[in-house]
Amino acid sequence: MAVKRTAPSPPTPRPNPNPNRRAPASGADAASPSKRMLAFHFIRALARIHRSTPVPRRTRTIRRAAYSSMARAANPRRVWSRALLQQMRARRATTRRAAVLRRSVSAAPATPPGGGARSIAGEDESTTTLAALARTAAAAAPHRQAGEPARADALRRLVPGGNEMEYSNLLEETADYVRCLRAQVQLMQGLVDLFSAGR
Amino acid sequence: MSSRRSRSRQSGSSRITEEQISDLVSKLQDLLPEARLQSNARVPSARVLQETCNYIRSLHREVDDLSERLSELLATSDMSSAQEAIIRSLLM
């Protein structure tokens, strides 16, 4: 990737262990989440992943941890942060149900009546959950307002919870989302530098 | 935030003025990195939205990329010195 960082301040010559120092102390930081809170949530998640997640699944888990810690550190009044946390929880619930379903199906090959009923009920449950999720996703189809440019549709899809917002809200939420995303990327980049330099 | 103040000024009516919209759009434009848009020129809002979408997508890609690098580094790096550096940086 050609562009590593979008922070205006140049990287310091000596390995600066403090990722917070990279960000300029400008007024723009007033609206973005506290970098310390961002670091706290994410690093705590990283430590947990390091302890307990098997290596093949780590990239995905770290990516999810990045988004959920970003959402947790953000202002809870923000629509995007609440929507992001909801998405994370829903995804965890479906994968858990799918895993339970797989286990129950594989454990009952002969399908006795009781087990058959249970697995069917389990299937119905998981199908209903998936169907419910699909329904909410379809019901939350982007509704374009009068005078809203066509590009806003793409933006609604990119920003969590963007489908339900008014156009002016969408613009505000997008600005906040971009600021937080950028801070998260800077944090992760700082951590990568830290871990690379420590070798 | 100025946009919140101006929203409260329109009592009851839900119509947002063009000026407020363009104000929000210009705030978005300021957020974009300079490589994507000349920050001083007034740019049509469609362009700003387009560039913002591209920017968000590239940030998502960076998160994916950095997640992968972090997962590799977690497995192989020397945790104790990194932990020490992290704790020091968080406390400062």
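Since we're looking at a predicted model, the values are computed, not measured. Letters A, B, ... are given to chains in the order of the sequence lines, protein chains preceding strands, and every chain is numbered from 1. Reckoned from all heavy atoms, side chains included, excluding hydrogens, waters and symmetry mates.
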Run the numbers on B:Ile56 and A:Leu155 for side-chain contact (heavy atoms from CB on, under 4.5 Å), then give the verdict.
-> CA-CA 9 Å; B:Ile56 293 181; A:Leu155 201 55; 4.0 Å; yes
Any idea which heavy atoms bring B:Leu59 and A:Arg182 closest together, and the distance?
-> CD1-N, 4.2 Å
Could you check A:Leu181 against B:His60 for side-chain contact (heavy atoms from CB on, under 4.5 Å), going step by step and ending with a plain yes or no?
-> CA-CA 8 Å; A:Leu181 254 188; B:His60 285 171; 3.8 Å; yes
Distance from B:Leu66 atom CG to A:Met188 atom CE, nearest 0.5 Å?
-> 5.0 Å
Roughly how far apart are A:Glu172 CD and B:Gln20 CD, rounded to 0.5 Å?
-> 10.0 Å
Minimum heavy-atom separation for A:Ser168 to B:Ile21, with atom names?
-> CB-CD1, 4.1 Å
If you group Ile, Leu, Val, Met, Phe, Trp and Tyr by side-chain heavy-atom gaps below 4.5 Å, do A:Ile62 and A:Leu85 land in one group?
-> no
Between A:Arg151 and B:Cys53 the two heavy atoms that sit nearest each other are O-SG, 4.3 Å
Residues that A:Arg63 engages under side-chain contact (heavy atoms from CB on, under 4.5 Å), provided they are two or more places apart = A:Tyr67, B:Val63, B:Asp64, B:Ser67
Please state whether the side chain, the backbone, both or neither of B:Leu31 comes within less than 4.5 Å of a heavy atom of chain A.
-> both
Please state whether the side chain, the backbone, both or neither of A:Ala66 comes within less than 4.5 Å of a heavy atom of chain B.
-> side chain
Flag the pair A:Leu171 / B:Leu49 as yes when at least one side-chain heavy-atom distance between them is below 4.5 Å, and no otherwise.
-> yes
Which residues share a side-chain contact (heavy atoms from CB on, under 4.5 Å) with A:Ala83, sequence neighbours left out | A:Pro160
Side chains of A:Leu191 and B:Leu73: closer than 4.5 Å at any heavy-atom pair?
-> no
B:Leu70 side, atom CG; A:Gln189 side, atom CD - distance, nearest 0.5 Å = 9.0 Å
